[in-house]
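Each remark here refers to the structure printed beneath this line.
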Amino acid sequence: MIPYGRQTISEDDVEAVVTVLKSDFLTQGPVVPQFEQEIANYCDAKYAVAVNSATSALHIACLALGVQQGDFVWTTPNTFVASANCARYCGATVDFVDIDPDTFNLCPFELEKKLKEAEVKGCLPKVVIPVHFSGLSCDMEKIHALSQKYHFRIIEDASHAIGGRYKETIIGCGKYSDITVFSFHPVKIITTAEGGMAVTNDSYLARQLQLFRSHGITRESEELINESHGPWYYEQQQLGYNYRMTEMQAALGVTQLKHLDDWVAKRHELAQRYDQLLADFPVILPIHSQEHYSGLHLYVIQLDEKKTNLDRKYVFNELRNLGIGVNVHYIPVHIQPDYQKLGFQLGDFPKSEYYYQHCISLPLFATLTYDQQDQVVNTLAQILLGQHS
Ligand SMILES: *Cc1c(COP(=O)(O)O)cnc(C)c1O
């Protein structure tokens, strides 16, 4: 089975992890701060805080921004559940903004409409979490302008988008948001096995992220509330978690980061090749922005109802049966049973639902070979066009 995504591990990764295993620190050593500094440098951001997953990063990003019970947090339905769950961990109420059907990203016009209504009802969001779906940036200028007008904060869920750009700015630079979150799960662009990062330019938010990552504990003398009892002394000053990244994970991150630009370029090369090979298929190809360089985590096609009667489930099953490990991104979050319990219903966000009925993510990763890609395309030809090669 050709998977839809997979990690690339080379000898330098293996050596880096083994070196850490033989060193004095498996956790809380020098490599996590090194990885953080390298990510901050890469993104043109001041601070980066490494954690054990993007889910944890989203959670502590919400906490750092003061999200709590009584607050509203908005995100897109076309995302992994974690982008919405993070607000619920803090006791806040989640709502969604439907997508732009061309980019599959949170639609800024829908956002503006919903903000106007919320202002009247007195339930404006404290935080909005745009997700750069497939690696293509959301319209951050527009979302940022709305945040100034309606006074909400922004967490960019850039789990798909490390290595990508918004206009001339690198994703993570924080020009249009308070905190940006990356995921290093093996299907993402670079990996630390499990792992995530929260990036910010705000020193207060950075310190809050560090505290929430590690039990809310400080040992810094200038931060102590009470007088120190001695050199062993620490204080828990707020309720935090153990969301720390290990040294092995960070070591992997450092070596992976060296390949990031090459791997994103390789994804672009493969995506262009898909575009050419699939041009005459009864599918809608993903749009590629000239303006914003995508991280290209995903290559998503949609079956074109005007050109084929075959339904998505049939095509999906056939592809899987023939060894092509396709996937579907995403089941809209609001139709998950746990969200239906909160009152959301099918029909609430029709553009996300329509997109969901038609989308298929094709295999895309840095080491996908042309032969494998041809196999994907030929298998699709067999199913959609009845062609046998
Ligand atoms: C993968 C992903 C997450 C969660 O990342 P983990 O590191 O697995 O916790 C969150 N949001 C989006 C959009 C993702 O794709």
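For ligands, and for the atoms within them, numbers begin at 1 and follow the listed sequence.
Counting heavy atoms under 4.0 Å from ligand 1, residue H297 does not touch it at all.
Taking 4.0 Å as the cut-off between side-chain N and carboxylate O, D102 and K351 do not count as a salt-bridged pair. A salt bridge is absent between R207 and E222; no separation between the charged side-chain nitrogens and carboxylate oxygens falls under 4.0 Å. A salt bridge is absent between E117 and K114; no separation between the charged side-chain nitrogens and carboxylate oxygens falls under 4.0 Å. A salt bridge is defined here as a Lys NZ or Arg NE, NH1 or NH2 lying under 4.0 Å from an Asp or Glu carboxylate O, and R153 with D71 fails to meet this definition.
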Criterion side-chain hydrogen bond (donor to acceptor under 3.5 Å, both in side chains) on Y166 and H132, from CA distance to verdict: CA-CA 10 Å; Y166 174 74; H132 304 315; over 6 Å; no
D139 and K142: CA distance, side-chain angles, deciding distance, salt bridge (charged side-chain N to carboxylate O under 4.0 Å, His left out) verdict: CA-CA 6 Å; D139 185 348; K142 179 95 193 180; over 6 Å; no
Verdict with supporting geometry, R273 and D374, salt bridge (charged side-chain N to carboxylate O under 4.0 Å, His left out): CA-CA 10 Å; R273 199 159 176 273; D374 290 341; 2.9 Å; yes
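Atom 11 (N) of ligand 1 has as its closest protein heavy atom D157 OD2, 2.8 Å. Nearest protein neighbour of atom 15 (O) of ligand 1, counting heavy atoms only, is H160 NE2, 2.8 Å. Protein heavy atom closest to atom 9 (O) of ligand 1, with residue, atom name and distance, is T55 OG1, 2.5 Å.
For N201 against K46, the heavy-atom pair with the smallest separation is OD1-N, 2.8 Å.
Polar contact check, F184 against ligand 1: no nitrogen or oxygen pair lies under 3.5 Å apart. For H185, no nitrogen or oxygen atom sits less than 3.5 Å from a nitrogen or oxygen atom of ligand 1, counting backbone and side chain alike. Residue contacts with ligand 1: Y330 is placed with a nitrogen or oxygen under 3.5 Å of a nitrogen or oxygen of the ligand (distance criterion only).
Selection from S183, S56, A82 by nearest heavy atom to atom 7 (O) of ligand 1 gives S183.
The distance from ligand 1 to the heavy atoms of S83 drops below 4.0 Å at these ligand atoms: 11 (N). Heavy-atom contacts of S159 reach the following atoms of ligand 1: 2 (C), 3 (C), 10 (C), 11 (N), 12 (C), 13 (C), 14 (C), 15 (O) (cutoff under 4.0 Å). Below 4.0 Å from some heavy atom of G195 lie the following atoms of ligand 1, by number and element: 7 (O). Near V131, with a cut-off below 4.0 Å to any heavy atom, the atoms of ligand 1 are 13 (C). Atoms of ligand 1 lying under 4.0 Å from any heavy atom of K188, numbered from 1 in the order shown and given with element: 1 (C), 2 (C), 3 (C), 5 (O), 14 (C), 15 (O). Heavy-atom proximity to T79, at under 4.0 Å, picks out these atoms of ligand 1: 13 (C).
Under the 30°/60° scheme for interplanar angles, the aromatic rings of H229 and Y233 are found to be tilted.
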